[in-house]
Enquirer: 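Here you go, one structure.
Reckoned from all heavy atoms, side chains included, excluding hydrogens, waters and symmetry mates. Throughout, protein chains are lettered first and strands after them, A, B, ... in sequence-line order, and every chain is numbered starting at 1. As the structure is a prediction and not an experimental result, all values here were calculated from the model.
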There are 2 protein chains.
Amino acid sequence: MSENAEQAMVFVVDDDESMRDSIRLLLESEHLKTSTFSCALDFMQSCTPRQGGCLLLDVRMPGMSGMELLETLKASGILLPVIMISGHGDVPMAVRALKHGAFDFIQKPFNSRELLERIHAALELDQKNRRQNSENEQRRSLFMALTDREMEVVDLVVAGNPSKIIAKSLGISPKTVDIHRANIMRKLDVHTVAEIVQLRLSVRDA
Amino acid sequence: MSENAEQAMVFVVDDDESMRDSIRLLLESEHLKTSTFSCALDFMQSCTPRQGGCLLLDVRMPGMSGMELLETLKASGILLPVIMISGHGDVPMAVRALKHGAFDFIQKPFNSRELLERIHAALELDQKNRRQNSENEQRRSLFMALTDREMEVVDLVVAGNPSKIIAKSLGISPKTVDIHRANIMRKLDVHTVAEIVQLRLSVRDA
DNA sequence: ACCTCCCTAGGTGTTTATACCTATTGGAAT
DNA sequence: ATTCCAATAGGTATAAACACCTAGGGAGGT
């Protein structure tokens, strides 16, 4: 766990340079890889979905606000846990941030130990998310090998139709359905219908 | 939708009588069924999981606080959406409430229109939750009809084992497994393995 | 032109699943 | 005791699924 935490990056986006520096100092004393940005746009340009870690985000910034960045990130599918940092005790802002999926919302001045504790929790969540996500991608890639026709057959099989019904439904011979089924079995590397259903349901969105 | 909203109950828990009265007045002017309580314990005693609706909950109260009640309710599986109401702009409190599953967190003094809008949103969520939950209960009740042995067979089938393997795994004859499978099919009212798997996966916790 | 891939489909045979039947054992309830 | 049900298991038969084989037509790329 600590090995992966060292590969993870803590991103810091804050327009206040002294704040960036003091956070960087704190994080590096904990051996956390740190990357700082002075505005939202800079972060967005250098941010890749593959990089794991978490994001410390100042709410109030000139240009794009932290809140806007948070909402942009969530909308664009970036799953990085975001810890919002606010200088002013603004309850509606905190509620809005959490409703938009922020991992946490803390106020300045903050306690160093508390911040670190929340960062570690965020990193742990991110790691868990990424593990799940990579398993999901592995399963999805199996379905990528299927042709359109085979996917049609998969969904009809998963829905509980026997080959005869599938054949009628697609207007083809039951024999051809069996051929498709065999190819599906081989490509998905499964041997029973139950496994097909499990696999298909575990990648709901495909 | 509005018919169901009228069957729903808006619970109000607040130690301040004038606040309870003014909220009740506001809600009843919107034809919302309202039930008020002056403390957390009173609410807990009269609260049943079956009653749909939402809960307006004052954070600061003598005795059990609103925050404690929120956490107690969530821990005991009450799925009522909770709108926390706070007199003091306390960010950590808001964060804690939302992290514990509160639907919203608003501050006094609040705008009547906004409160009503959030209540309606909460009632809608509750209705959606209850619809999902009742479908889930219907499915679960199907599995209740199965014997322990049949459940074992179900899980082995869902895992993708053919009858022969299941028989070896349970130390019984393949013939007996087939009997169990037939009984399972009949009791669950399905006709294919795919349907068993779908049904079983849709009630994960059973 | 040739190769590759996909969809199509038939033949044959094996394995698995499902649908009926009967039957014994044991436990729990009446 | 008798009745009911769960669990066990065998027989027989049909249906479905799966595993091999062959093979033609069409689309796309080299």
Enquirer: Would you indicate whether the side-chain heavy atoms of B/Ile83 and B/Leu55 approach each other to under 4.5 Å?
Expert: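 No, every pair of side-chain atoms sits at 4.5 Å or beyond.
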Enquirer: So A/Thr192 and A/Glu195, side chain to side chain donor-acceptor pair (under 3.5 Å) or not? Walk me through it.
Expert: CA-CA 5 Å; A/Thr192 61; A/Glu195 291 174 90; 3.0 Å; yes
Enquirer: Strictly below 4.0 Å, heavy-atom distances to any atom of DNA chain C: list the hits from residues 186-199 of chain A, or just say none.
Expert: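 Under 4.0 Å from DNA chain C: no residue of residues 186-199 of chain A.
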Enquirer: Do B/Arg118's NZ or CZ and the ring of B/Phe103 fall within the cation-pi criteria of under 6.0 Å and 45°?
Expert: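 B/Arg118 over B/Phe103 ring: no.
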Enquirer: So B/His180 and B/Thr147, do their side chains get closer than 4.5 Å, heavy atoms only?
Expert: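 Not touching, per the 4.5 Å side-chain cut-off.
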Enquirer: How about B/Cys54 and B/Val82: do any of their side-chain heavy atoms sit closer than 4.5 Å?
Expert: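 Heavy-atom side-chain distance check fails, nothing below 4.5 Å.
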Enquirer: For A/Arg24, does the CZ atom sit with more than 12 other heavy atoms under 6.0 Å from it, leaving out its own atoms?
Expert: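 Count over threshold, so yes.
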Enquirer: For each nucleotide in nucleotides 24-30 of chain C, reading 5' to 3', give B when a protein heavy atom comes within less than 4.0 Å of its base, S when such contact involves only the sugar-phosphate, and - otherwise.
Expert: -------
Enquirer: For the CZ atom on A/Arg60, are there more than 12 heavy atoms of other groups (residues, nucleotides or ligands in this structure) within a distance under 6.0 Å?
Expert: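 Open.
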Enquirer: At 10 degrees resolution, what angle do the end axes of the helix from C/dA1-D/dT30 to C/dT30-D/dA1 form when each is taken over five base pairs?
Expert: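 Comparing the axis at each end, I get an angle of 40°.
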Enquirer: If you define the side chain from C-beta out and look only at heavy atoms, does anything of B/Ile119 sit under 4.5 Å from B/Glu30?
Expert: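 Heavy-atom side-chain distance check fails, nothing below 4.5 Å.
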Enquirer: Find out whether B/Phe11 and B/Gln51 are in side-chain contact, i.e. whether some heavy atom of one side chain is under 4.5 Å from a heavy atom of the other.
Expert: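 Of all side-chain heavy-atom pairs linking B/Gln51 with B/Phe11, at least one is under 4.5 Å.
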Enquirer: Salt bridge check, A/Glu28 against A/Lys33: does any charged N sit closer than 4.0 Å to a carboxylate O?
Expert: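 No, A/Lys33 and A/Glu28 are not salt-bridged.
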Enquirer: Expressed as a whole number of angstroms, how long is the span from B/Asp178:CG to C/dT16:C1'?
Expert: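 Checked: the CG to C1' distance equals 9 Å.
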Enquirer: Is any side-chain N or O of B/Ser163 closer than 4.0 Å to OP1 or OP2 of C/dA17?
Expert: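 So the side chain of B/Ser163 is within the cut-off, an N or O lying under 4.0 Å from OP1 or OP2 of C/dA17.
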Enquirer: For A/Lys99, look at atom NZ and say whether over 12 heavy atoms of other residues, nucleotides or ligands are found less than 6.0 Å away.
Expert: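 Counting neighbours around NZ of A/Lys99, more than 12 heavy atoms of other residues, nucleotides or ligands fall under 6.0 Å, so yes.
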Enquirer: In whole angstroms, how far is the C1' atom of C/dC7 from the CD atom of A/Glu150?
Expert: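 Checked: the CD to C1' distance equals 10 Å.
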Enquirer: Can you pull out every side chain to side chain donor-acceptor pair (under 3.5 Å) where at least one residue sits in residues 74-87 of chain B? Sequence neighbours excluded, please.
Expert: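 Passing the test, one end in residues 74-87 of chain B: no pairs.
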Enquirer: Side chains of B/Asp14 and B/Phe37, heavy atoms from C-beta outward: is any pair under 4.5 Å?
Expert: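 B/Asp14 vs B/Phe37: side chains apart.
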Enquirer: Determine the minimum heavy-atom distance between A/Val158 and B/Gln198, stating which atoms define it.
Expert: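 Heavy-atom minimum between the residues: O-NE2, 2.9 Å.
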Enquirer: Quick one: A/Arg181 CZ to C/dC7 C1', roughly how many Å, whole number?
Expert: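 Interatomic distance, CZ of A/Arg181 to C1' of C/dC7: 17 Å.
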Enquirer: Would you kindly give the CG-to-P distance between B/Asn183 and C/dA17, to the nearest whole Å?
Expert: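 That distance rounds to 16 Å.
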Enquirer: Going 5' to 3' along DNA chain D, between which two nucleotides do contacts with chain A fall, using a heavy-atom cut-off of 4.0 Å?
Expert: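 Terminal contacting nucleotides, 5' to 3': D/dA16 to D/dA19.
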Enquirer: If I compare all heavy atoms of B/Pro81 with all of B/Gly53, which pair ends up nearest, and what's the gap?
Expert: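 Nearest heavy atoms, B/Pro81 then B/Gly53: CD-O, 3.4 Å.
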Enquirer: Rounded off to whole Å, could you give me the CG-to-C1' distance for the A/Asp148 and C/dC5 pair?
Expert: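 It is 13 Å, rounded to the nearest whole Å.
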Enquirer: Below 4.0 angstrom from OP1 or OP2 of C/dT15, is there any side-chain N or O of B/Lys164?
Expert: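 So the side-chain polar atoms of B/Lys164 never come under 4.0 Å of the phosphate oxygens OP1 or OP2 of C/dT15.
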Enquirer: What nitrogen or oxygen pairs link the protein and nucleotides 9-13 of chain C at under 3.5 Å?
Expert:
residue : atom : partner  : partner atom : Å
C/dA9   : OP2  : A/Ser173 : N            : 2.6
C/dA9   : OP2  : A/Thr176 : OG1          : 3.0
C/dG10  : OP2  : A/Ser173 : OG           : 3.0
C/dG11  : O6   : A/Lys175 : NZ           : 2.7

Enquirer: Would you indicate whether the side-chain heavy atoms of A/Arg20 and A/Ser38 approach each other to under 4.5 Å?
Expert: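 Heavy-atom side-chain distance check passes, below 4.5 Å.
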